[in-house]
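Reviewing the structure listed below.
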Amino acid sequence: MPKSAGSTLRTVFHQALGDELLWFRNPESRQPAEAGHPRLITDLSLLERPESWMGVRLVGGHFPAWKLPLGLRERRPLLMAVLREPVARIESLYTYIRRERSHILHAELQARTLREALELPAFRRVVPQGQLRFLRTTQRPFHARLLAPFPVLIGKHEHLPAFVAAASRRTGLDLDLADVSANVSPSGYRDALREQPGYEEARALIASLTEDEAEFMRSFDQLYEHEAGDGPVETPRTTRPRAASAPMPLRTQVPPLAPVAAKPAPASVTAAATPAAAKAPSDAQADRRAARREARRSARQAERRRSRQPDADPQDSPTQ
């Protein structure tokens, strides 16, 4: 999990495993690999070939379990993760991005408070399900029962020694957490956050967006663990290519309560409306489209009201 002791655990496992540890690195990462970093892999699909993970005892990194190749998941490997209190994790992530110049959002967050950063779509989208999405063993939304086919060990950031001890027991590795810490946020960063305007509002918003994470963490004390169950390992869902649909004719804009008459759009407009050439609408275009939809809805409601009145004059009904 990002900002949940991942760098520390990478060091702990690397000390115990050496080249038997394979670590996933996001190919889009702009941060240079650290000295003494374990063996890296940037494409998990390479693990579909058994020879690629021969001699490997552990694969780690920031990725959801369902992205492991099916052949590897069918071996039902031990899945391990550490979760962090959601609000504290987002605060740490925000601080890290502002400190790390190579991060893609560094420039965007430099002049923003935490509350303002939550209005930035690229940052806000990592808040909901920010940790649970990494626990997904299928492409469906996370639920603890989907972990059942696998042996699982999940710990908490504030109880890291208990997790490392359990991982040592489950794997048979000699893991040592003493004097190991990496990628730690600077001391006093929370004091600096408290001085920002809107800080308490930002914390409340993060808490509301991450309530499902907090609920799952409240479901266990220090460790969440079980052995593999008998259920099947789900195969990835395949998506069928969608057939190209004919563009819908544009409708003329009419005043409220007036009939909506459909007429063919000019050839040049129809081409621009096809999926291949469509562009994201501007705010003004979106507002106009919303107004047209509301006008059509109002017209349909008025028509239904008139149809329920038996004495209505036919000329009061809109022409079809």
Side-chain angles (χ1 to χ4, degrees), residues 1-18 20-26 31 34 36-38 57-65 77-97 99-100 126-127 129-137 142 144 147 150-191 193 203 206-207 210-227:
M1 309 293 172
K3 301 310 298 175
S4 188
S7 298
T8 297
L9 292 173
R10 182 188 65 202
T11 302
V12 168
F13 282 107
H14 191 206
Q15 289 176 347
L17 288 168
E20 293 180 309
L21 172 64
L22 189 62
W23 202 261
F24 172 71
R25 176 180 171 84
N26 189 330
Q31 185 176 11
E34 304 166 11
H37 202 288
R57 294 186 61 185
L58 189 145
V59 179
H62 300 323
F63 60 87
L78 171 63
L79 303 180
M80 296 186 290
V82 170
L83 304 180
R84 185 173 184 176
E85 193 281 318
V87 177
R89 191 186 77 88
I90 296 301
E91 289 179 341
S92 180
L93 178 63
Y94 164 80
T95 302
Y96 166 77
I97 293 174
R99 184 181 78 244
E100 183 54 59
V126 304
V127 178
Q129 294 272 318
Q131 297 178 96
L132 295 186
R133 63 192 175 96
F134 286 98
L135 299 181
R136 291 163 53 195
T137 59
F142 172 80
L147 296 170
F150 302 91
V152 169
L153 173 61
I154 299 174
K156 293 182 177 180
H157 186 274
E158 62 268 32
H159 300 298
L160 197 57
F163 172 82
V164 171
S168 182
R169 166 174 50 83
R170 297 289 295 269
T171 63
L173 297 172
D174 183 14
L175 303 176
D176 186 7
L177 184 59
D179 300 324
V180 175
S181 62
N183 197 16
V184 178
S185 296
S187 60
Y189 76 94
R190 283 200 178 92
D191 293 334
L193 289 178
R203 284 181 57 87
I206 296 170
T210 58
E211 174 55 30
D212 49 356
E213 287 186 8
E215 182 179 2
F216 176 65
M217 293 186 69
R218 288 193 295 266
S219 70
F220 62 97
D221 184 16
Q222 295 187 12
L223 298 171
Y224 178 97
E225 61 178 324
H226 57 67
E227 298 298 334

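- Here the closest non-hydrogen pair linking D174 and A16 is O-CB, 3.7 Å.
- Between L147 and I154 the shortest side-chain heavy-atom distance falls below 4.5 Å.
- Taken to the nearest 0.5 Å, the CD atom of Q15 stands 11.5 Å off from the CG atom of L21.
- Listed for the H14 side chain is no donor-acceptor partner under 3.5 Å among the backbone atoms of L9.
- E227 contributes atom CD, which lies 8.0 Å from atom CG of L78 (distance to the nearest 0.5 angstrom).
- A donor-acceptor pair is defined here as one N or O able to donate and one able to accept, closer than 3.5 Å; such a pair exists between the side chain of S4 and the backbone of V82.
- Between E225 and R170, the closest side-chain pair of non-hydrogen atoms falls below 4.5 Å.
- Taken to the nearest 0.5 Å, the CZ atom of F216 stands 5.0 Å off from the OH atom of Y224.
- Separating the CD atom in E20 from the CZ atom in F13 is a distance of 13.0 Å, to the nearest 0.5 Å.
- S168 and L175 get closest at one heavy-atom pair: N-CD1, 3.6 Å.
- The pair K3-E91 fails the salt-bridge criterion, with no side-chain N (NZ, NE, NH1 or NH2) lying under 4.0 Å from an Asp/Glu carboxylate O.
- A pairwise comparison of heavy atoms in T95 and Y189 identifies OG1-CD1, 3.3 Å as the closest pair.
- L177 approaches V12 most closely through the heavy-atom pair CD1-CG2, 3.9 Å.
- L83 is listed as a side-chain neighbour of L135, based on a closest heavy-atom distance under 4.5 Å.
- Looking at F134, F24, W23 one by one, the single match for ring pair (Phe, Tyr, Trp, His ring centres under 6.0 Å) with F63 turns out to be F24.
- Taking CD of E85 as the start and CD of E158 as the end, the distance is 8.0 Å to the nearest 0.5 Å.
- Closest of all the heavy-atom pairs between P86 and A214 is CG-N, 4.0 Å.
- Annotation: side-chain hydrogen bond (donor to acceptor under 3.5 Å, both in side chains) contacts of D191 (sequence neighbours excluded): R194.
- Applying the side-chain hydrogen bond (donor to acceptor under 3.5 Å, both in side chains) definition to pairs two or more places apart or across chains, those involving residues 210-221 are Q129-D212, Q131-E213, E211-R218.
- Between H226 atom NE2 and L153 atom CG the span is 10.0 Å, to the nearest 0.5 Å.
- For G155 against F163, the heavy-atom pair with the smallest separation is N-CD1, 3.6 Å.
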